[in-house]
Engineer: 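The structure under discussion is supplied below as structure tokens; questions concerning it will follow.
Lettering follows sequence order; numbering is per chain, from 1. Since the structure is predicted, the reported quantities are computational estimates derived from the model, not experimental observations.
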2 protein chains.
Amino acid sequence: MGRNRTFDEDDVVAQSAAIFLRQGYEGTSIDDLLAATGLHRGSLYKAFASKRGLFLATLRRTSADAATGRDDAAVDLLLVALLELAPRDPEVRALCGGALAHLTHAEAAALVGQRLLTRAHLSDQ
Amino acid sequence: MGRNRTFDEDDVVAQSAAIFLRQGYEGTSIDDLLAATGLHRGSLYKAFASKRGLFLATLRRTSADAATGRDDAAVDLLLVALLELAPRDPEVRALCGGALAHLTHAEAAALVGQRLLTRAHLSDQ
DNA sequence: ATCGTTCTTGACTGATCGGTCATCTATCTG
DNA sequence: CAGATAGATGACCGATCAGTCAAGAACGAT
């Protein structure tokens, strides 16, 4: 019953993740996300409720891959979450913690630290 | 000649650093900085030219201490610079690189990674 | 065909953003 | 004292922010 969605939610989440991991959370505007996804304002808010809601969806989608060490994009999104949201947002913090749960503290620190330097163009590794 | 300054520039830089390292760069508004420093808008722009100019001043002031491992605040500001500015701002990138210059890549990664996790309340170390 | 429901579309809102600038005040020089 | 200079103050600017909502369109059920 009711009209069908004209977009694929997985695609929208993937396209949004690409923007968030590059520009950061505060550095990304709703208009940036609308441009990247092709969605209209009302549709985005209907599907994800808020900017934070969409970010949480991207984080849930990628957090499982972050600790494998083979998905730079997933780690980049985790960096954004750790620095900008996690200190003040328990739900984001819990997702970040889950993503790194089966690593030791030292392994987790090395993973995110190395990726932070590479993302800043201070290391090519 | 001319009127004397009524504020201490070092104090203003220190107070601004405290805001930036907690809230991030994009998460900090000029009004936040005015409230924290007691400055008026015109004075801040006269002394530091822009939000970025003030951030650069805070980064220059603290970057020397970041690599000692004894100044969490300095590392936190470095984290903000690395994640939010360094990828797009060569001057910030150079300051970050200088701050970590006498560390190995692995040491630098461990330092910033460990601090990122602690700041996110995912590690008490 | 009509009704209820869901999604689409984009105009609109009040708030906030970084930054500018005219005016005023304090201080120096002569 | 008058004039020049530099800082102080805060009103103001256009742009952009996240979020809302009324109207219309597509669907299933009856």
Side-chain angles (χ1 to χ4, degrees), chain A residues 1-59 77 80-81 83-85 88-89 91-92, chain B residues 1-59 77 80-81 83-89 91-92:
Chain A
M1 50 170 87
R3 188 173 177 171
N4 293 332
R5 283 217 170 142
T6 59
F7 62 90
D8 184 302
E9 193 166 313
D10 283 358
D11 290 348
V12 166
V13 169
Q15 288 154 349
S16 301
I19 302 295
F20 277 131
L21 71 88
R22 251 192 47 209
Q23 306 188 355
Y25 181 78
E26 296 292 347
T28 297
S29 70
I30 300 293
D31 282 339
D32 290 338
L33 297 165
L34 299 181
T37 60
L39 249 52
H40 291 259
R41 231 171 171 74
S43 299
L44 187 148
Y45 276 92
K46 185 123 192 141
F48 300 102
S50 66
K51 182 183 176 182
R52 175 177 174 275
L54 177 51
F55 184 84
L56 282 173
T58 68
L59 191 58
L77 197 68
V80 169
L83 192 107
E84 295 191 63
L85 282 318
R88 301 167 171 280
D89 187 325
E91 198 170 348
V92 170
Chain B
M1 50 172 84
R3 188 171 178 175
N4 294 331
R5 283 217 172 144
T6 60
F7 62 91
D8 183 303
E9 193 167 312
D10 284 359
D11 290 349
V12 167
V13 170
Q15 289 155 347
S16 300
I19 302 295
F20 276 131
L21 71 86
R22 249 192 47 208
Q23 305 188 359
Y25 182 78
E26 296 291 346
T28 297
S29 70
I30 300 294
D31 282 339
D32 291 337
L33 296 165
L34 299 181
T37 60
L39 251 50
H40 290 260
R41 235 174 166 69
S43 300
L44 186 148
Y45 275 92
K46 185 127 191 139
F48 301 101
S50 64
K51 182 184 178 183
R52 176 176 173 274
L54 177 52
F55 184 83
L56 282 173
T58 67
L59 191 58
L77 196 67
V80 169
L83 192 105
E84 294 192 63
L85 281 319
R88 302 166 170 280
D89 188 325
E91 198 169 349
V92 171

Engineer: Between A/E84 and B/L83, is a side-chain contact (heavy atoms from CB on, under 4.5 Å) present by the stated rule, with each step listed?
Structural biologist: CA-CA 9 Å; A/E84 295 191 63; B/L83 192 105; 4.1 Å; yes
Engineer: Does the side-chain contact (heavy atoms from CB on, under 4.5 Å) test come out yes or no for B/H40 and B/K46, once each step is laid out?
Structural biologist: CA-CA 10 Å; B/H40 290 260; B/K46 185 127 191 139; over 6 Å; no
Engineer: Contact class for B/K51 vs. all strands (heavy atom < 4.0 Å): base, sugar-phosphate, or nothing?
Structural biologist: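 Sugar-phosphate contact only - B/K51 comes under 4.0 Å of backbone atoms but never of a base.
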Engineer: Nearest heavy atom decides the nucleotide; on that basis, is A/R5 or B/I30 closer to the 5' end of DNA chain C?
Structural biologist: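 Final value for this comparison: A/R5.
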Engineer: Using 30° and 60° as the class boundaries, would you call the ring planes of B/Y25 and B/F20 parallel, tilted or perpendicular?
Structural biologist: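 B/Y25 vs B/F20 ring planes: parallel.
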Engineer: Please determine whether a side-chain nitrogen or oxygen atom of A/S29 lies at a distance below 4.0 Å from atom OP1 or OP2 of D/dT16.
Structural biologist: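 Checking D/dT16 against A/S29, no side-chain N or O comes under 4.0 Å of OP1 or OP2.
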Engineer: Using whole Å, what does the distance between atom P of nucleotide C/dT16 and atom CG of B/L34 come to?
Structural biologist: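 It works out to 15 Å between those atoms.
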Engineer: Rounded to whole Å, how long is the line connecting atom CZ of A/F48 with atom P of D/dT20?
Structural biologist: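 Whole-Å distance recorded here is 16 Å.
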Engineer: Distance check needed: D/dA6 P versus B/K46 NZ, whole Å only.
Structural biologist: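 B/K46 atom NZ is separated from D/dA6 atom P by 8 Å.
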Engineer: How close or far is atom C1' of D/dA18 from atom CG of A/D31, stated in whole angstroms?
Structural biologist: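 To the nearest whole Å, that distance equals 10 Å.
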Engineer: Please find the pair of heavy atoms, one from B/D32 and one from B/G27, that lie closest to each other, and give the distance.
Structural biologist: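 Scanning both residues completely, I find the closest heavy atoms to be OD2-O, 3.9 Å.
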Engineer: Rounded to whole angstrom units, what separation is found between the CG atom of B/L44 and the P atom of C/dG18?
Structural biologist: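 The answer, rounded to whole Å, is 11 Å.
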Engineer: At 4.0 Å (heavy atoms only), tell me whether B/F7 reaches a base, stays on the sugar-phosphate, or touches nothing.
Structural biologist: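 Counting heavy atoms under 4.0 Å across all strands, the contact made by B/F7 is with sugar-phosphate only.
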Engineer: Can you see if the side chain of A/H40 gets near the phosphate of C/dT8 - specifically, an N or O under 4.0 Å from OP1 or OP2?
Structural biologist: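 For C/dT8, OP1/OP2 do not have a side-chain N/O of A/H40 under 4.0 Å.
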Engineer: Which value, rounded to the nearest 0.5 Å, describes the distance between B/L85 atom CG and B/L56 atom CG?
Structural biologist: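 So the gap between those two atoms works out to 7.5 Å.
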Engineer: Could you walk me through whether B/L77 and B/F55 pass the side-chain contact (heavy atoms from CB on, under 4.5 Å) check?
Structural biologist: CA-CA 9 Å; B/L77 196 67; B/F55 184 83; 3.9 Å; yes
Engineer: Distance check needed: D/dT16 P versus B/E26 CD, whole Å only.
Structural biologist: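 It works out to 14 Å between those atoms.
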Engineer: Where do A/T37 and A/F7 land on the side-chain contact (heavy atoms from CB on, under 4.5 Å) test, with the steps shown first?
Structural biologist: CA-CA 9 Å; A/T37 60; A/F7 62 90; over 6 Å; no
Engineer: Can you give one letter per nucleotide of nucleotides 21-30 of chain D, 5' to 3': B if a protein heavy atom sits under 4.0 Å from the base, S if only from the sugar-phosphate, - if neither?
Structural biologist: B--BBBBS--
Engineer: Please state how far atom CG in A/D8 lies from atom P in C/dC7, giving the value in whole angstrom units.
Structural biologist: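 Spelled out: CG on A/D8 to P on C/dC7 is 14 Å.
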Engineer: What is the distance, to the nearest angstrom, from the CG atom on A/L54 to the P atom on D/dG19?
Structural biologist: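 Computing the A/L54:CG to D/dG19:P distance gives 11 Å.
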